Amino acid sequence: MIFTHNRYHRYLSYGITAALLLLLAACKKETVATTTPYPIPNIPNFRKMPVDPENPMTVEGVALGKRLFFDPILSRDSTISCASCHLPSKSFSDTKALSKGIDNIEGKRNAMPLVNLAWFKNAYFWDGRSKTLREQALFPVEAPDEMHLPWPQAELRIQRHPVYKTLFEKAFGTGTPTRTEITKAIEQFENTLLSYNAPFDRYLRGEIQLDSSVLRGLEIFRSEKGDCFHCHTTASPELFIDPLKTFANNGMDAAATVFDFPDPGLGAITGNNNDRGRFKIPTMRNLGFTAPYMHDGRFATLDEVIDMYNLGPKNSPNVEPIMIEKANIRFQNTGSYGLGLTAQEKADLKAFLLSLTDSTFIQP
Ligand code: HEC
Ligand code: HEC
């Protein structure tokens with residue numbers, strides 16, 4: 001076309017160019033979504049919520065993500081949704097130690113609560129294998145022990161669904177969404193799962209007093225006595241985890257070598273042997289709803305969790321050095337390797353942990 005010399009060809013090529021431009025303009029017009037920015041609350045005592053500029057939150061995107069989260073359309077036999085394992089009444093976690101997917105295949109880990117997720121720094125899943133929530137959402141749809149639906153099929157289902165077609169046009173300017181827009185919508189919804197009305201939040205805001213058992217538990221939690229604060233801290237009330245620390249081995253399992261942990265955790269992702277047996281430090285929010293506990297759901301109650309810490313860390317090559325150091329100091333000073341908490345102190349610590357549970361979060 002570029003080398004056409006006669007007039008007829010030139011006009012023809014002008015015509016084609018014009019047609020192409022028109023088509024382009026038409027396509028462009030289709031990609032203009034009509035959205036309303038989603039109002040992000042300013043929460044007292046919280047750092048500003050980090051929202052990825054690549055996925056700004058909109059009212060339409062959030063509503064769409066919510067619909068997808070509760071819709072079994074994303075599972076192969078259309079029987080389970082994200083909410084089947086992330087129960088809203090359980091702070092979006094599961095009551096089973098290990099959840100089951102569509103073919104009744106049991107997964108390997110405990111379903112995590114979904115709360116204040118935006119503040120987790122670039123680490124989702126117990127082993128941190130996803131950097132963002134939208135990357136995370138790619139996994140459960142295809143996982144054989146979860147929804148087991150290949151993404152190309154998931155995309156077709158959504159594209160052929162007239163209601164979703166319209167909703168995606170409104171929210172993302174496309175009636176043929178791919179996994180990119182689908183997971184972006186889910187991420188936007190997950191970002192709205194905000195919890196900040198636990199008794200401890202209200203105490204921090206000066207709205208209520210806490211009873212003396214809770215206050216004693218707080219002191220145990222944030223002092224050398226309980227030593228919880230090396231990983232979980234009240235200084236960052238968004239999740240009550242140390243913002244500078246993401247993963248740890250909290251001494252739950254004895255292991256002669258790093259290859260003896262039943263689940264390699266972070267090590268399988270980084271390939272670094274020293275990361276084997278290390279897991280994401282979980283939030284302390286809503287523990288009253290999220291039993292059972294730990295990456296494999298091994299503890300049914302908070303009492304069992306506290307007893308585990310009270311015994312002191314079990315030995316393994318990469319148990320958090322500070323835990324071993326403190327345990328050795330305790331052993332020298334008191335002859336007890338463990339924390340040596342009395343029954344009352346354990347009850348106080350539990351009362352404090354439960355003061356981080358926000359019952360307004362699970363109201364319909
Ligand atoms: C069959 C049960 C099941 C289903 C269905 C399921 N999940 Fe999960 N979810 C889990 C389990 C188990 C984990 C932890 C897995 C791991 O760490 O390896 C998890 C982890 C997560 C996390 C990580 C949270 C954190 O703090 O790191 C997010 C977010 C999440 N799921 C969202 C979703 C979304 C969105 C869907 C639907 C598209 C979904 N899940 C479907 C069981 C499920
Ligand atoms: C060295 C860091 C570290 C210290 C210190 C620590 N934890 Fe943890 N905590 C973790 C990690 C990591 C996990 C997840 C472990 C796993 O599942 O493999 C965890 C899990 C928990 C859980 C279970 C949460 C859930 O959703 O399953 C509770 C409750 C808890 N810790 C409370 C405490 C208390 C109370 C203390 C102090 C007595 C404490 N932790 C000290 C790192 C730590």
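Atoms within each ligand, like the ligands themselves, are counted from 1 in listed order. Just so you know, these numbers come straight off a predicted model, no measurement behind them.
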Check: Quick check, are the ring centers of F289 and F92 under 6.0 angstrom apart?
Finding: no
Note to self: If you round to 10 degrees, what value do you get for the angle at atom 8 (Fe) of ligand 2 between H232 atom NE2 and Y309 atom OH?
What the structure shows: 170°
Next item on the list: Would you mind checking which non-hydrogen protein atom is closest to atom 4 (C) of ligand 2, with the distance to 0.1 Å?
Entry: C231 SG, 3.5 Å
Check: Are R67 and Y164 in a cation-pi setup, meaning NZ or CZ lies under 6.0 angstrom from the ring centre and within 45 degrees of the ring axis?
Finding: yes
Note to self: Are F200 and F352 an aromatic pair, judged by ring center distance below 6.0 Å?
What the structure shows: yes
Next item on the list: Using the ring of F125 (Phe, Tyr or Trp, six-membered ring only), decide whether R109 places NZ or CZ under 6.0 Å from its centre and within 45 degrees of its axis.
Entry: no
Next item on the list: Would you mind listing which atoms of ligand 1 come within a distance below 4.0 Å of any non-hydrogen atom of I186?
Entry: 35 (C)
Notebook entry, point to check: Got a donor-acceptor contact below 3.5 angstrom from the T334 side chain to the F331 backbone?
Noted result: no
Next item on the list: Provide the number and element of each atom of ligand 1 under 4.0 Å from a heavy atom of K100.
Entry: 1 (C)
Note to self: Donor-acceptor check, side chain of R330 to backbone of G338, threshold 3.5 angstrom: yes or no?
What the structure shows: yes
Checklist line | L68 contact mode with ligand 1 (heavy-atom cut-off under 4.0 Å) | finding: neither
Check: Given that the side chain starts at C-beta and the backbone is N, CA, C, O, which of these parts of L287 lies under 4.0 Å from ligand 2, counting heavy atoms, or is it both or neither?
Finding: side chain
Notebook entry, point to check: For atom 22 (C) of ligand 1, which candidate among Q136, M147, E187 provides the closest heavy atom?
Noted result: Q136
Margin query: I need the nearest protein heavy-atom contact for atom 5 (C) of ligand 2: residue, atom name and distance, please.
Written below: D227 O, 3.2 Å
Checklist line | Residue, atom name and distance, where the atom is the protein heavy atom closest to atom 14 (C) of ligand 2 | finding: P282 CD, 3.6 Å
Note to self: Give me the nearest non-hydrogen protein atom to atom 28 (C) of ligand 2 as residue plus atom name, then the distance to 0.1 Å.
What the structure shows: M284 CE, 3.5 Å
Next item on the list: Provide, to 0.1 Å, the distance between atom 35 (C) of ligand 2 and the closest protein heavy atom, together with that atom's residue and name.
Entry: C228 SG, 3.5 Å
Check: When you look for heavy atoms under 4.0 Å from ligand 1, do you find them on the side chain of T283, its backbone, both, or neither?
Finding: neither
Note to self: Taking only non-hydrogen atoms of F247, do any sit less than 4.0 angstrom from ligand 2?
What the structure shows: no
Checklist line | Whether S130 side chain and T132 backbone form a donor-acceptor pair below 3.5 Å | finding: no
Next item on the list: Measure the distance from atom 12 (C) of ligand 2 to every protein heavy atom, then report the residue, atom name and distance (to 0.1 Å) of the closest one.
Entry: A248 O, 3.4 Å
Next item on the list: Show your working on salt bridge (Lys or Arg N to Asp or Glu O under 4.0 Å) between R134 and D52 and close with a plain yes or no.
Entry: CA-CA 10 Å; R134 54 185 187 279; D52 192 330; 3.1 Å; yes
Margin query: Using a 4.0 Å cutoff against the non-hydrogen atoms of L117, which atoms of ligand 1 qualify?
Written below: 26 (O)
Check: Which residue holds the protein heavy atom closest to atom 17 (O) of ligand 2, what is that atom called, and what is the gap in Å?
Finding: H295 N, 2.7 Å
Note to self: Taking the ring of H295 and the ring of F279, is the distance between their centroids below 6.0 Å?
What the structure shows: yes
Check: Applying a 4.0 Å heavy-atom criterion (strictly less than), which segment of D94 is in contact with ligand 1: side chain, backbone, both, or neither?
Finding: neither
Next item on the list: Using the ring of F172 (Phe, Tyr or Trp, six-membered ring only), decide whether K184 places NZ or CZ under 6.0 Å from its centre and within 45 degrees of its axis.
Entry: no
Item checked: Identity of the nearest option to atom 2 (C) of ligand 1, non-hydrogen atoms only, from P140, S93, C85 -> C85
Notebook entry, point to check: Does E146 reach ligand 1 with a nitrogen or oxygen that is under 3.5 Å from one of the ligand's nitrogen or oxygen atoms?
Noted result: yes
Next item on the list: Return the residue, atom name and 0.1 Å-rounded distance of the protein heavy atom closest to atom 34 (C) of ligand 1.
Entry: C82 SG, 3.5 Å
Notebook entry, point to check: Are the side chain of K121 and the backbone of P243 linked by a donor-acceptor contact shorter than 3.5 Å?
Noted result: yes
Notebook entry, point to check: Judged by modelled atom types alone, do D358 and T360 share a side-chain donor-acceptor pair under 3.5 Å?
Noted result: yes
Item checked: Per-atom contacts of ligand 1 with F125, taking only distances under 4.0 Å to non-hydrogen atoms -> 15 (C), 16 (C), 17 (O), 18 (O), 20 (C), 23 (C), 25 (C), 27 (O)
Next item on the list: Determine, considering heavy atoms only, which of M294, M323, R109 sits nearest to atom 20 (C) of ligand 2.
Entry: M294
Notebook entry, point to check: How does S81 reach ligand 1, if at all, at less than 4.0 Å between non-hydrogen atoms: by side chain, backbone, both, or neither?
Noted result: backbone
Next item on the list: State if K245 counts as touching ligand 2 under the rule of any non-hydrogen atom under 4.0 Å.
Entry: no
Margin query: Considering E106, K108, K280 one by one, which has a heavy atom nearer to atom 25 (C) of ligand 1 than any of the others?
Written below: K280
Margin query: Starting from atom 7 (N) of ligand 1, what is the nearest protein heavy atom, named by residue and atom, and what distance separates them?
Written below: H86 NE2, 2.9 Å
Check: Between E345 (side chain) and I220 (backbone), is there a donor-acceptor pair under 3.5 Å?
Finding: no
Notebook entry, point to check: Under a 4.0 Å heavy-atom limit, does W126 contact ligand 2 with its side chain, its backbone, both, or neither?
Noted result: side chain
Notebook entry, point to check: When you measure from atom 42 (C) of ligand 1 to each heavy atom in A154, A123, A111, P72, which option holds the nearest one?
Noted result: A111
Check: Against heavy atoms of I80, which atoms of ligand 1 measure under 4.0 Å?
Finding: 5 (C)
Checklist line | Protein heavy atom at shortest distance from atom 24 (C) of ligand 1 | finding: M112 SD, 3.7 Å
